[in-house]
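Quantities reported herein were computed from a predicted structural model and do not represent experimental measurements. Just the heavy atoms: all of them, side chains too, but no hydrogens, waters or symmetry mates, feed the values below.
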Amino acid sequence: MKDTALTKIHMALGAKMVPFAGYNMPVSYEGVNIEHETVRTTLGVFDVSHMGEFLIEGPKALNLIQKVSSNDASKLSVGKAQYSCLPNEDGGIVDDLIIYQIKEETYLLVVNASNIDKDWNHIKKYNDSIGAIMRNLSEDYSLLAIQGPKAVEAMQSLSSHDLAAIKFYNFIVGDFAGIEHVIISATGYTGSGGFEIYCKNSEVEQIWSKVIEAGKDFGIKPIGLAARDTLRLEMGYCLYGNDINDTTSPLEAGLGWVTKFSKEFVNHKALAKQKEEGVSKKLIAFEMDEKAIPRNGYEIKDTEENLIGMVTSGTMSPSMGKGIGLGYVKTTHAKLGEKIQIQIRKKTVTATIVKTPFYKA
């Protein structure tokens, strides 16, 4: 089991530590509801250093990224980031990721912790005939997510740059918390605004300490992975391994907006055909009509209790006080406002298909 550079700090803070994606990670400190509310109303800081980072460089870098990713990375420019996915050869998804253009011929790919080796091998397989320069930086870099509506105001004292000027899905490389060259990215997976800070392992303890100090008057708290999950689910964001995986297509998952057929990429012909013919199942969002908590793996039925799909993510929303979830159902049962039944142990509970995000600030 690997530790992040901040593991001892988390333990000293009394965090509940759990194994996650091969790392010893803080799942909670005070409790998921308190931590969730902190991010929604003020700000919190997450250690997400288990995430993977690949540097793709050289004249062939864009060629490789265009081949393996579904979105159109040619639309990027230096200082911009892009959400995308890595399609596999069988209609599914290897992983979802964020692509940053660092320099003219330099890109940073940020991938999910549980998929680092799988993603690297998948990309390398296609690079053998393309010839970009690939470097796996995952073991050397740390990542902090400073999230919440007070993030800009609280963190401004730590940088000479105007943090408010960094637009969503844009970034700068600049000074932060006394370190000269870190990536300050206006991204995150919470829906409450803020930044993600990429730095070397040797720098992260100093940055963590100064972030906590700068945020003290704003009510900053360390936040665990449990609240990260409830926060992302309230926004309807997919979680790899739950809502998307090797067998779900980007189109089924509602990721057609990052699947661009203006270029050739892995399995693009089959996905284009699927787009033309339509999908047989869709990822839907639903709210429970009465007090009940849906969970991954629960059956979804129609009003006559015929099996039509499965729940992929579910929780009791801390912000809304009701059960919410995502799941795949037959396309014929995916209409907004339609009633469905969630099988919770020995009884079925009615839910309604809704739009995401569930939570609206």
Backbone N/O of [Y] and side chain of [X]: donor-acceptor pair under 3.5 Å:
X: Ser209; Y: Gln206; result: no
X: Lys347; Y: Ile344; result: no
X: Tyr237; Y: Asp229; result: no
X: Thr331; Y: Val279; result: yes
X: Ser70; Y: Leu86; result: no
X: Arg40; Y: Pro149; result: no
X: Asp175; Y: Ile179; result: no
X: Asn245; Y: Thr248; result: yes
X: Asn201; Y: Ala5; result: no
X: Gln156; Y: Ser159; result: yes

- Return each pair, listed once, that meets ring pair (Phe, Tyr, Trp, His ring centres under 6.0 Å) where at least one residue sits in residues 68-116; pairs must be two or more places apart or across chains. Tyr83-Trp257, Tyr100-Phe171, Tyr100-Tyr198

- Task: Return the set of residues passing side-chain hydrogen bond (donor to acceptor under 3.5 Å, both in side chains) with Asn115 (not counting sequence neighbours), or none when no residue passes.
- Result: Asp95

- Should Val111 and Trp120 be marked as a side chain to side chain contact (heavy atoms under 4.5 Å, CB included) after you check the CA-CA gap, both sets of side-chain angles, and the distance that decides it? CA-CA 9 Å; Val111 303; Trp120 178 265; over 6 Å; no

- Item | Single hit among Val152, Thr187, Leu43, Val211 for side chain to side chain contact (heavy atoms under 4.5 Å, CB included) with Phe195 | Val152

- The single option from Val39, Thr230, Ile223 that satisfies side chain to side chain contact (heavy atoms under 4.5 Å, CB included) with Thr190 is Val39

Are more than 12 heavy atoms, taken from residues, nucleotides or ligands other than [X], located less than 6.0 Å from that residue's [atom1] atom?
X: Lys360; atom1: NZ; result: yes
X: Lys330; atom1: NZ; result: no
X: Lys281; atom1: NZ; result: yes

- Identify the heavy atoms of Leu271 and Pro250 that sit nearest to each other, and give their distance. CD2-CD, 4.0 Å

- Message: Let's go through Asp72 and Gln66 carefully: what are the C-alpha distance in whole Å and the side-chain angles of both, what is the deciding distance for side chain to side chain donor-acceptor pair (under 3.5 Å) to 0.1 Å, and is it a yes or a no?
- Response: CA-CA 7 Å; Asp72 186 357; Gln66 289 287 70; 2.8 Å; yes

Salt bridge check, [Y] against [X]: does any charged N sit closer than 4.0 Å to a carboxylate O?
X: Glu139; Y: Lys2; value: yes
X: Asp140; Y: Arg135; value: no
X: Lys273; Y: Glu276; value: no

- Task: Report yes or no: do Ile146 and Val204 belong to one cluster of Ile/Leu/Val/Met/Phe/Trp/Tyr joined by side chain heavy-atom distances under 4.5 Å?
- Result: yes

- Query: If two hydrophobic side chains count as joined below 4.5 Å and joins carry through other members, does Leu62 share a cluster with Ile123?
  - Reply: yes

- Message: Applying salt bridge (Lys or Arg N to Asp or Glu O under 4.0 Å), can you list everything that pairs with Glu89, at least two apart in sequence or on another chain?
- Response: Lys125

- Side chains of Asp47 and Ser49: do they bring a donor and an acceptor to under 3.5 Å? yes

- Note on the structure: Which of Thr303, Thr350, Asp289 passes side chain to side chain donor-acceptor pair (under 3.5 Å) with Lys339? It is Asp289

- Task: Could you point out which residue of Gln343, Lys301, Glu299, Glu305 forms a side chain to side chain donor-acceptor pair (under 3.5 Å) with Thr348?
- Result: Glu305

- Message: Is there a side chain to side chain donor-acceptor pair (under 3.5 Å) between His50 and Thr4? Walk through the geometry before answering.
- Response: CA-CA 7 Å; His50 59 317; Thr4 74; over 6 Å; no

- Query: Roughly how far apart are Asp217 CG and Thr42 OG1, rounded to 0.5 Å?
  - Reply: 12.5 Å

